[in-house]
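Contents: one structure, followed by commentary.
Computed over heavy atoms, backbone and side chain alike; hydrogens, waters and symmetry mates excluded. We count ligands from 1, going down the list as the structure has it; atoms in each ligand are counted the same way.
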Amino acid sequence: MEIIIKENGEAASEAAARVVARLVREKPNAVLGLATGSTPLVLYRELIRLHKEDGLDFSQVTTFNLDEYAGLEKEHEQSYHSFMWKNLFSQINIHPEKVHIPDGMADDIPLSCATYESTIIANGGIDLQVLGIGSDGHIGFNEPTSSFASRTRIKTLTQQTVTDNARFFDGDENKVPHHCITMGIGTIMDARMNLMLAFGEGKAEAVAAMVEGPVSAIMPASILQHHPAAKVFIDEPAASALTLSDYYRWVYDGKPRWQQDA
Ligand code: PGA
């Protein structure tokens, strides 16, 4: 894993955006895996800026989102469909038919999940997957003890995740859906690059366990230790529980700029 520690979330998000932008410039028909939550918002803001000011072109880009709440209409303001259109897609030149988000209202959920997987494959696989980490170590909505071999499927959220996400539902845990559709850990591991963002002290323990702890299903994000191209962009508070943070800084600072953004 490559650990990139920046002074704040803004700087970390901008560095992550440079990696995404470089991929899209080099491969205009790149397939991006995208995430929701508060963490990627500045990354998306920066991609919008690069589109508007530098002409970063998304017209041939295909996207697959990690997850969606089960039982929320697309139009619900807290659906991940709404989130993505509000915070990114409506402000870049992406083709709506190239956007893929799991269907939280599918009548046949297993069929819909299998189709999601086969559509990823039909598009050549995901080049770069954006990830956040839950305070319980989840990636996507793959909660602790999710199979490392899992594919897109329905999952039940942990109480911790329901509590964490209640802030988006007027602080009311009863309004948070308890089920979701999520790419599996196997799906995420198939991405050619994984780009993880984590900010704030609340993520410090999960980040340390992901990077330096044992690889274990109880900490789903720790599987990224087995990924050949996993980059972790964090701010100082999220780095505060890492044992080898000085080493990670030394490695990154010693790289030429082209390699930092690759
Ligand atoms: P957050 O969520 O970005 O809202 O902290 C991250 C996650 O749950 O994966």
Under 4.0 Å from ligand 1, counting heavy atoms only, is it the side chain of L131, its backbone, both or neither?
->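 No part of L131 comes within reach of ligand 1.
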Around E205, counting heavy atoms of other residues, nucleotides and ligands shown, do more than 12 lie under 6.0 Å from its CD?
->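 Incorrect, the count does not exceed 12.
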Residues R49, E14: salt bridge by 4.0 Å N-O rule =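 Salt bridge between R49 and E14, a charged N being under 4.0 Å from a carboxylate O: no.
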Tell me: protein heavy atom nearest [atom], and distance?
atom: atom 3 (O) of ligand 1; value: T39 OG1, 2.5 Å
atom: atom 8 (O) of ligand 1; value: H138 NE2, 2.6 Å
atom: atom 6 (C) of ligand 1; value: I133 O, 3.6 Å
atom: atom 5 (O) of ligand 1; value: K203 NZ, 2.6 Å

With atoms numbered from 1 as shown, which atoms in ligand 1 lie under 4.0 angstrom from a non-hydrogen atom of G132?
->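 That gives atoms 9 (O) of ligand 1.
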At a 4.0 Å threshold, what atoms of ligand 1 neighbour a non-hydrogen atom of G37?
->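 Near G37, meaning under 4.0 Å from one of its heavy atoms, ligand 1 has 3 (O), 4 (O).
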Nearest-0.5 Å distance that lies between atom CD1 in I188 and atom CZ in R151 |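 That separation rounds to 10.0 Å.
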Out of curiosity, N93 CG to H51 NE2, how far, rounded to the nearest 0.5 Å?
->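 These two atoms lie 4.5 Å from each other.
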Go through the steps for K231 and M193 under the test side chain to side chain contact (heavy atoms under 4.5 Å, CB included), then give the verdict.
-> CA-CA 8 Å; K231 290 175 184 287; M193 181 189 290; 4.0 Å; yes
Would you please determine whether R167 falls within less than 4.0 Å of ligand 1 on a heavy-atom basis?
->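 Yes, R167 has a heavy atom closer than 4.0 Å to ligand 1.
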